[in-house]
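Reviewing the structure listed below.
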Amino acid sequence: MKAAVIVFPGSNCDRDVKVALDAATGRPTSMIWHKETELPALDLIVLPGGFSYGDYLRAGAIAARSPVMRAVVAKAQSGTAVLAICNGFQVATEAGLLPGTLMRNRNQKFVCKDVHLKVETSQTAFTARYAAGQVIRLPIAHADGNYFADPETLAEIEAEGRVAFRYVTPDGAPDDDANPNGSAANIAGVFNREKTVLGLMPHPERLTEPALGGIDGRAMFDSLVAALS
Amino acid sequence: MTAAAAIDFASHGLSREEYERLKATLGREPTLVEIGVIGALWSEHCSYKSSKKWLRRLPSQAPWVICGPGENAGVVDIGDGQAAVFKMESHNHPSFIEPYQGAATGVGGILRDVFTMGARPIANMNALRFGDPAHPRTRHLVAGVVAGIGGYGNCVGVPTVGGECGFDPGYNENILVNAMTVGLADAARIFYSAAAGIGNAVVYVGSKTGRDGIHGATMASAEFDEATEEKRPTVQVGDPFTEKLLIEACLELMASDAIVAIQDMGAAGLTSSVFEMAAKGEVGIDLDLDRVPTREPGMSAYEIMLSESQERMLMVLRPERADAAAAIFAKWDLDFAVIGEVTGSGHLVLRHKGETVADLPVAALSAETPEYDRPIRATPPQAPLDAASLAGGEPLDKSLLRLISAPELASKRWIWEQYDHMVMADTIQRPGGDAAVVRVHGSGKALAISVDCTPRYCAADPEMGGAQALAEVWRNLTATGAKPLAFTDCLNFGNPERPEIMGAFAAAIEGLRRAALALDFPVVSGNVSLYNETQGRGIPPTPEIGGIGLIADWRRMAIIAPELGHILVVVGETRGHLGQSLYLAKCLGRAEGPPPPVDLAAERRHGDFVRAEIAAGRLRSCHDLSDGGILVGVAEMCLAGRTGAKVRLPATEIPAMAAFGEDQGRYLAALDRAEVTGFLARAKAAEVPAAEIGKFDGSDLTLEGFFSISLDAIRTAHEGWFPGYMAAP
Amino acid sequence: MKAKVHITLKPGVLDPQGKAIAHALAALGFGGIAEARQGKYIEIDLAEADRARAQAAVEAMCKQLLANTVIENYSIELAE
Amino acid sequence: MKAKVHITLKPGVLDPQGKAIAHALAALGFGGIAEARQGKYIEIDLAEADRARAQAAVEAMCKQLLANTVIENYSIELAE
Ligand SMILES: Nc1ncnc2c1ncn2[C@@H]1O[C@H](COP(=O)(O)OP(=O)(O)O)[C@@H](O)[C@H]1O
Ligand SMILES: [Mg+2]
């Protein structure tokens with residue numbers, strides 16, 4: 001699998017996801033500067049976490065209009081897989097790759113902690129190594145992770161099975177106590193219609209080694225390697 | 001040059017005597033810009049004129065120290081050609097005036113001190129002291145400071161991995177915000193600030209200069225009164241996004257050989273950075289202030305020199321590399337301007353709009369920097385506690401719940417969940433344990449980091465309190481298995497012109513000195529914050545200490561969580577010292593007695609023993625004892641390990657002494673049953689007191705003969721206070 | 001020419017910041033607050049001296065960057 | 001009564017958001033932008049029907065919560 005991480009000014013999880021990808025693929029992941037206008041042949045594009053352009057104006061807004069994003073959108077439209085994590089998710093919604101938007105957390109505060117997530121489907125390149133319904137633990141670290149979409153969009157996403165992950169209690173209940181930011185329907189991650197683009201607020205790259213406190217994130221990278229190699 | 005018309009030297013922070021000294025050195029009347037420049041340089045904040053005499057007494061050498069105090073940050077060798085670079089700094093006054101921006105720019109400033117040296121920042125810490133929780137302003141200050149630290153650190157992508165937070169009415173009008181950064185560098189590529197090379201370009205990079213925080217340094221060197229609240233300088237606003245770009249651009253440039261010298265613009269902005277670079281390099285510098293990138297039109301030379309706009313650096317570059325350097329800064333969309341050159345004149349010459357506005361002999365003025373030997377008065381010793389007066393308190397379980405939910409000991413989760421403590425994916429001990437631990441990226445090594453101080457001890461006996469603060473940091477590092485390497489400090493005190501404050505300062509330094517020598521734990525950087533005082537009332541003496549230690553193999557580190565079935569052993573001697581303890585304060589409402597004595601030889605022996613056990617792979621769970629003593633320590637381990645425990649107390653005159661006494665030099669170790677006999681035997685051989693006192697088991701904390709409380713009740717008490725307090729209107 | 005741009009959330013779009021403000025005001029003892037909504041106010045200094053062209057340019061800025069038109073409305077005022 | 005509150009940074013205070021906006025607009029090809037400044041725009045629905053009392057209440061809200069008067073100015077407009 002040939003993977004590349006897009007680096008915006010202010011990205012700060014670019015190295016972290018590269019480390020996780022390098023380990024999963026066994027080969028170096030390339031890093032692509034936001035001023036590039038063309039992309040090489042790739043199997044996976046990662047939009048990493050961080051604070052692109054300081055998240056000034058709106059989280060992800062300025063990065064979504066940077067030169068490289070036109071190329072990313074074109075690749076995504078022709079079927080290249082895109083994994084958009086945290087700030088990357090915000091960029092992806094601003095760029096129109098994914099529906100909805102990520103608003104300020106309902107308690108107005110940045111939140112960094114492990115959360116539990118229910119894997120809604122294992123029928124995708126991103127989640128094949130998880131079991132549908134499985135509860136996993138991943139860290140979140142964001143101030144704007146409150147997923148919002150209008151009711152019709154939400155209904156459509158649900159109907160098409162495009163919710164990837166939901167915030168749940170450790171025993172799998174998607175209740176309000178388990179919702180760390182106020183997201184609609186406890187949504188933590190969504191797919192595009194073709195399920196080739198995944199955006200999620202939690203950071204799979206932060207839990208890929210026992211030393212970091214767990215390995216629940218590793219299966220996502222392993223899934224991608226298996227599906228895209 | 002035109003001399004300043006009416007000489008209002010006091011408003012530039014100079015005393016008459018200092019003004020005369022400046023005049024004598026120049027041999028003429030100074031200009032307005034010169035008075036401004038020297039006023040800032042000779043301020044307490046920049047010159048350390050009251051503290052220097054004492055700071056020199058601190059030991060700063062060890063074979064592993066690469067660079068001690070005197071540069072932007074300290075540097076220690078961590079093997080394999082790598083170095084750890086770190087420093088702590090205060091941002092107390094600005095944070096009181098504008099908590100969010102004050103704290104945020106404090107983080108920005110300390111990050112710059114570290115990456116200026118060529119290091120990539122890998123961890124932030126913070127030590128916070130607020131007033132009485134019931135004080136009307138406290139909640140707002142806590143909310144703003146925490147949001148500001150998070151807002152800056154999260155955005156630049158450096159994990160904030162730990163810190164501490166205390167409350168005391170003594171900080172009602174003078175909160176403390178001390179921030180520490182640890183960075184990682186190539187030991188052979190450390191960058192220093194001494195300018196060199198006649199004709200080399202002096203280059204300004206980063207953000208533009210605005211009228212922010214002019215007079216910040218002089219403000220940090222004066223007491224608060226109503227008037228300062230009035231003439232608040234424009235508060236500095238931090239721009240963490242620009243800082244992130246500046247980090248990346250500087251590190252990219254540092255990979256080449258373009259930089260001769262580099263210095264961040266911190267307190268007193270361009271003034272102190274350019275003067276320091278010239279003084280250290282024993283050269284002159286000519287600056288053309290018209291070339292300084294400014295944010296607003298019409299800025300005067302005075303304003304340009306004294307602006308404290310953030311996210312700026314000054315560099316001396318090899319001229320043939322200037323173009324390549326400019327290209328790097330252009331790539332990162334940062335300002336880059338050649339604003340002057342290094343000269344052989346030995347003078348700092350400033351030109352603005354065709355006029356020479358300052359011409360200062362650098363060496364002569366450095367030599368004339370005032371240094372005071374201020375009068376000192378010793379803190380009177382406290383009478384020992386009468387043990388009989390301590391008998392008959394409330395039941396021990398009540399006291400335990402009271403302590404574990406007191407603002408001092410309650411969980412600080414509300415704070416650290418607002419900090420991204422995992423970015424960079426090397427945090428292997430998150431906040432909540434003894435010391436934070438971050439891996440040295442891509443290696444088997446890790447750094448343990450801790451910040452500590454116990455102001456109530458320091459107030460009662462500043463020398464013992466100083467020694468204790470250092471010992472506690474050392475103990476926290478040791479409890480993870482790390483070898484403590486060196487420390488940095490923020491010495492926060494009141495008005496040094498008062499003999500009792502200066503006496504406490506001198507005594508604290510003496511305590512630090514003794515502890516540093518005994519523990520082989522030198523100082524490599526630090527900061528002094530004086531005049532933390534409002535209307536004649538100073539803060540409790542607060543020598544905040546930040547230490548780092550090296551874990552050679554992070555697979556062999558200890559954590560505080562025990563495993564079910566582990567045997568609990570207390571290491572060190574339990575005498576039941578309750579003087580100045582949290583138990584005395586919270587459960588008996590008394591602040592009395594001497595603080596616990598620190599036996600430095602025992603401290604070292606006990607710590608060295610514990611560390612050796614961890615390094616040998618025999619001890620995987622360990623917790624140091626401090627505030628609240630054994631019972632609080634056990635409760636914290638139970639919470640971390642999600643297990644109950646059955647404990648019996650060592651014998652003391654009254655049970656509360658054993659339960660909550662704050663005797664120093666102690667650890668709790670949780671061991672596999674099979675390891676206990678050997679552990680105790682080796683302890684004995686090393687002359688380290690150690691005794692089995694219980695077992696981790698079940699879901700209650702049981703103290704034999706006294707009580708049994710559920711872990712849930714303890715957790716609720718421990719986790720509840722902070723969010724409850726912050727949610728109240 | 002100076003452009004003053006107001007960016008507000010469309011009706012029906014969740015406004016966590018506005019909600020937090022209303023809540024905090026109530027906690028401070030301010031009564032009778034039915035709702036608070038938070039938007040952005042952006043001032044832009046333009047070299048353009050022609051009103052119509054300035055209006056068109058700022059419209060384009062709003063559509064392309066300043067507003068997220070999925071959830072936000074914008075309004076523009078021009079001043080000398 | 002509806003109150004419209006504008007909160008802007010005092011002149012001279014650094015505005016990183018405004019800076020980033022101006023920069024991004026330039027990168028998108030909009031020329032001639034000298035400066036952009038970003039502020040907040042807050043709308044509050046009040047039960048209060050008396051203008052003077054509403055004005056006083058919103059002033060107090062600005063001072064106590066909405067504006068950070070160390071670095072921000074505020075202005076209030078009332079509308080039915
Ligand atoms: N309390 C202290 N202990 C040890 N070193 C100190 C102390 N205070 C200041 N220093 C050292 O003195 C030098 C000047 O400090 P400071 O002016 O705070 O540095 P900067 O201008 O880089 O922020 C630094 O090298 C600092 O490490
Ligand atoms: Mg410095």
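Values below: every heavy atom of this structure, side chains too, minus hydrogens, waters and symmetry copies.
Annotation: C:Lys19, atom NZ; neighbour count of heavy atoms from other residues, nucleotides and ligands within 6.0 Å does not exceed 12.
The most heavy-atom pairs under 4.5 Å with chain C, out of A:Glu94, A:Met103, A:Gln108, come from A:Gln108.
For residues 56-68 of chain A, a heavy-atom distance under 4.5 Å to chain C picks out A:Leu57, A:Arg58, A:Ala61, A:Ile62, A:Arg65, given by residue number. Interface residues of residues 3-18 of chain C toward chain A, defined by a heavy-atom distance below 4.5 Å and sorted by number: C:Leu9, C:Gly12, C:Val13, C:Leu14, C:Pro16, C:Gln17. Residues of residues 47-54 of chain C never come closer than 4.5 Å to chain A when only heavy atoms are counted. Along residues 58-70 of chain C, the residues that come nearer than 4.5 angstrom to chain A, judged on non-hydrogen atoms, are C:Gln64, C:Leu65, C:Leu66, C:Ala67, C:Asn68 in order of number.
To the nearest 0.5 Å, atom CD of residue C:Gln38 and atom CZ of residue A:Arg104 are 8.5 Å apart.
Of the two parts of A:Asp150, neither the backbone nor the side chain holds a non-hydrogen atom closer than 4.5 Å to a non-hydrogen atom of chain C.
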